[in-house]
Each structure stands twice: as structure tokens, then as C-alpha cells.
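Residue numbers start at 1 and run along the sequence shown. The shown structure was predicted, so the numbers you read here are calculated from the model rather than taken from an experiment.
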Amino acid sequence: MLPSPVAEVRDERLARADLRVVLKRDDLIHPEIPGNKWRKLKYNLVAAREQGARRLLTFGGAYSNHIRAVAAAGSYCGFETVGVIRGEEHLPLNPSLAYAVDQGMRLSYMDRTTYRRKHEPDVIAGLRERFGEFFLLPEGGSNALAVRGCAEIPGEITESFDVICCAVGTGGTLAGIAAGLREGQRAVGFSALKGGGFLNDDVARLQQEAYGRVTGNWSIDLDHHFGGFAKRSAELDAFIEDFQRRHGIELDWEVVRMRHGSTSRPGGARRP
Ligand SMILES: Cc1ncc(COP(=O)(O)O)c(C=O)c1O
């Protein structure tokens, strides 16, 4: 569903603080390619088609939502897909990877040392030898084309606002959103990673690659990762439950339900 709807969060605590919070429901864009996944893939798929690519290759951890989304997008748009997964194969496949294989994705496993060097020319050359020509999507899907896709988010919001917030995993979403803001508006990203200080450089680099300049209207909060990537805490779970009760919106639950095929309590959190 595009443009995705906006929904106001009505809460007496916000009213007392004289704040309005409006959610941009990008999670409703598509059941299998939701939220920033679609925003990041859109112009990459156009470029892949224009270049005559038949195959997409990308990287991710064993629970990567990006891997799932690329597998789904490839199957919808007629590309073969290869997912290079960090670490060793574990059988049976977890629901994320099983889903990717169902969509026709070919999986390949890469040891962690090589994975750290995954964007270096010799590693890419080895992958081309093995899989043939491909259009490369980086881990998390964040590149200049992804930033351009994410930059379209603010323009769809007709409500006036001062600050827009998003999660930060690889930085492409924040880089794009900030680039799409109007004068006087700013973006705050919340790092999903513990020790995510390097994300400041990544977001700046992505803006530089996409637009040749870095906008000065964003910052990253590094202190609300709840223990690190995909970690949960009692406080975070309580917030998710309370939010669901008050507003009828399942934060993160859709992803977990897709993964486990049930509405049972989630055991993990969303991953880039
Ligand atoms: C809803 C949502 N917002 C933001 C992010 C962070 O995206 P990025 O990797 O572009 O920083 C994620 C991670 O995938 C996400 O799921």
C-alpha cells in the first residue's frame, strides 16, 4: 500500500507533554517486503533491470529480514537470488531462511572472517566465479539507491512535524529520511546496535554517496539499544505489550509471526 497511511498515537501522557506522535505505517506497504525494505530495494531493482541483470546477490545473518525481502522481491520481479549467509549452515533451516529458499533463493554460507571482508574485490570476484554475473546489494540493503528510496518517506507525510524518528541498523534509512526533510525539520535515529558510534560515519558516507553532501539535520541516539542487536529486556517487552493494549499496534510482532507462523510470544527481535 503506497503511499502508506499515517496514524496518530493518542495517549494522555503525550497530551500532558503537549506532544503529538504520528506513525508513518510503512509496515503496511507489503506483507513480505515491508517498511524500509521496499524503500531500499525499489531503485536498486530498477537499476538491476536497466543493467540487464538476471540475478541479485546479497549478504545477511541467518535471521536477516533483508535476506527475506530480497528473496521475495526477486521472486516477484523475476530475478534469481543468491543469499550469502554469515557463518555456518544449521539444519533444519530457521523459518527466515526456509522462507527465502521457498521464494527460490539460493543460499551460500561464508565463514565469519571472510564475511568481514565481503565487499573487498577478491571476495566479490570469487562470488562471481561461483555464481556468475549478479547485481550486488550490500548487507542491510543500504547503498546510494536505497538512500534515495528512503528520502521519499518524508514527502508522503502531509501532517506538519518538527522531528522524525527511525531505527538505525546499517544507516540507509536515516540517511535517506534526513535528506528528504524540509528546512527546519530534523531526524533522530535510534541505534539498534550496542556501541553503534561508527553509524555516524556510515550515515554520512551514505548521504555523500547519494547526494555528494552530508545534511546537518540528523543525529543518532546510541543509548536505547536494550542490550544490543535483536536483544530484548523486560522493560522493552512491557513497552511492546502496553503499546499493543493502548493502540492496537503490534510492534515487531508481524515479523515474528511471519517467521514462526503463529501469534505466539516473540523470542527474538527484528533484525536489519
Ligand atoms: C522498521 C525499521 N526501521 C529502520 C531500520 C534500520 O534500517 P537501516 O539498516 O537502514 O539503518 C530497520 C532495520 O531493518 C527497520 O526494520
Side-chain angles (χ1 to χ4, degrees), residues 2-4 6 22-24 26-27 29 33-48 50-51 56 58-60 64-66 69-70 73 116-121 124 135-225 229 270-272:
L2 276 167
S4 62
V6 292
V22 174
L23 298 179
K24 174 76 169 145
D26 263 19
D27 55 314
I29 288 178
I33 317 172
N36 65 347
K37 303 293 170 284
W38 170 247
R39 305 276 183 189
K40 291 203 249 186
L41 281 172
K42 179 174 136 181
Y43 290 120
N44 276 292
L45 293 172
V46 171
E50 279 172 4
Q51 290 171 24
L56 310 172
T58 195
F59 302 91
S64 165
N65 288 329
H66 166 69
V70 171
R116 274 193 283 278
R117 301 197 305 109
K118 60 188 166 304
H119 295 309
E120 292 180 16
I124 302 290
F135 185 91
L136 178 75
L137 293 161
E139 185 178 46
S142 285
N143 60 11
L145 292 171
V147 171
R148 287 180 177 276
C150 292
E152 294 177 352
I153 297 172
E156 287 179 14
I157 306 173
T158 50
E159 307 266 342
S160 69
F161 64 89
D162 315 302
V163 180
I164 184 165
C165 299
C166 70
V168 184
T170 55
T173 308
L174 177 63
I177 285 178
L181 291 179
R182 283 195 286 276
E183 193 75 26
Q185 296 175 325
R186 61 197 176 85
V188 179
F190 289 84
S191 172
L193 314 178
K194 194 171 172 177
F198 65 91
L199 290 168
N200 283 299
D201 289 343
D202 288 356
V203 173
R205 177 184 47 79
L206 284 161
Q207 285 197 325
Q208 190 69 38
E209 283 169 15
Y211 301 105
R213 68 189 179 94
V214 180
T215 64
N217 59 355
W218 54 269
S219 57
I220 304 180
D221 178 304
L222 299 172
D223 300 324
H224 290 87
H225 50 71
F229 194 57
R270 181 179 285 226
R271 293 149 163 92

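Under the side-chain contact (heavy atoms from CB on, under 4.5 Å) criterion, E156 pairs with L2, P3, S4, K24, R39, sequence neighbours left out. With sequence neighbours excluded, no residue forms a side chain to side chain donor-acceptor pair (under 3.5 Å) with D202. The side-chain contact (heavy atoms from CB on, under 4.5 Å) check on K42 picks up W38, E152, with sequence neighbours excluded. Applying the salt bridge (Lys or Arg N to Asp or Glu O under 4.0 Å) rule to E209 yields the partners R205; only residues at least two apart in sequence or on another chain are considered. Remark: E159 pairs with R20 by the salt bridge (Lys or Arg N to Asp or Glu O under 4.0 Å) rule, at least two apart or across chains. Listed by chain and residue number, nothing satisfies the salt bridge (Lys or Arg N to Asp or Glu O under 4.0 Å) test with R186 (two or more places apart in sequence, or in another chain). With sequence neighbours left out, the side-chain contact (heavy atoms from CB on, under 4.5 Å) criterion links A187 to I164, L174, I177, A178, L181, W218. The side chain to side chain donor-acceptor pair (under 3.5 Å) check on S219 picks up nothing, with sequence neighbours excluded. With sequence neighbours excluded, the residues forming a side-chain contact (heavy atoms from CB on, under 4.5 Å) with R182 are Q185, listed by chain and number.
Shortest non-hydrogen contact noted between A69 and L41 is O-CD1, 3.9 Å. Taking every heavy atom of both residues into account, Y211 and A179 meet most closely at CE1-CB, 3.4 Å. The two residues T58 and L137 have their closest heavy-atom pair at OG1-O, 2.7 Å. Closest heavy-atom contact between L193 and S191: O-OG, 2.8 Å. Taking each heavy atom of I153 and I157 in turn, the nearest pair found is O-CG1, 3.7 Å. When every heavy atom of V168 is checked against every heavy atom of G189, the shortest pair comes out as CG2-CA, 3.5 Å.
Atom NZ of K118 sits about 9.5 Å away from atom CD1 of I124, to the nearest 0.5 Å. To the nearest 0.5 angstrom, K37 atom NZ is 6.5 Å from T173 atom OG1.
Looking at F190 and H225, their side chains never come closer than 4.5 Å, going by heavy atoms from C-beta outward.
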With a 3.5 Å cut-off and sequence neighbours excluded, list the donor-acceptor pairs that the side chains of residues 139-146 form with protein atoms.
from: E139; atom 1: OE2; to: Y115; atom 2: OH; distance (Å): 2.7
from: S142; atom 1: OG; to: K40; atom 2: NZ; distance (Å): 3.3
from: S142; atom 1: OG; to: T170; atom 2: OG1; distance (Å): 2.8
from: S142; atom 1: OG; to: G172; atom 2: N; distance (Å): 3.1
from: N143; atom 1: OD1; to: N44; atom 2: ND2; distance (Å): 3.1
from: N143; atom 1: OD1; to: L145; atom 2: N; distance (Å): 3.2
from: N143; atom 1: OD1; to: A146; atom 2: N; distance (Å): 2.9
from: N143; atom 1: ND2; to: N44; atom 2: OD1; distance (Å): 2.9

Q. Could you go step by step and tell me if F59 and L136 meet the side chain to side chain contact (heavy atoms under 4.5 Å, CB included) rule?
A. CA-CA 9 Å; F59 302 91; L136 178 75; 3.5 Å; yes
Q: Evaluate the criterion side chain to side chain contact (heavy atoms under 4.5 Å, CB included) for residue pair D26 and N36; output intermediate values, then yes/no.
A: CA-CA 7 Å; D26 263 19; N36 65 347; over 6 Å; no
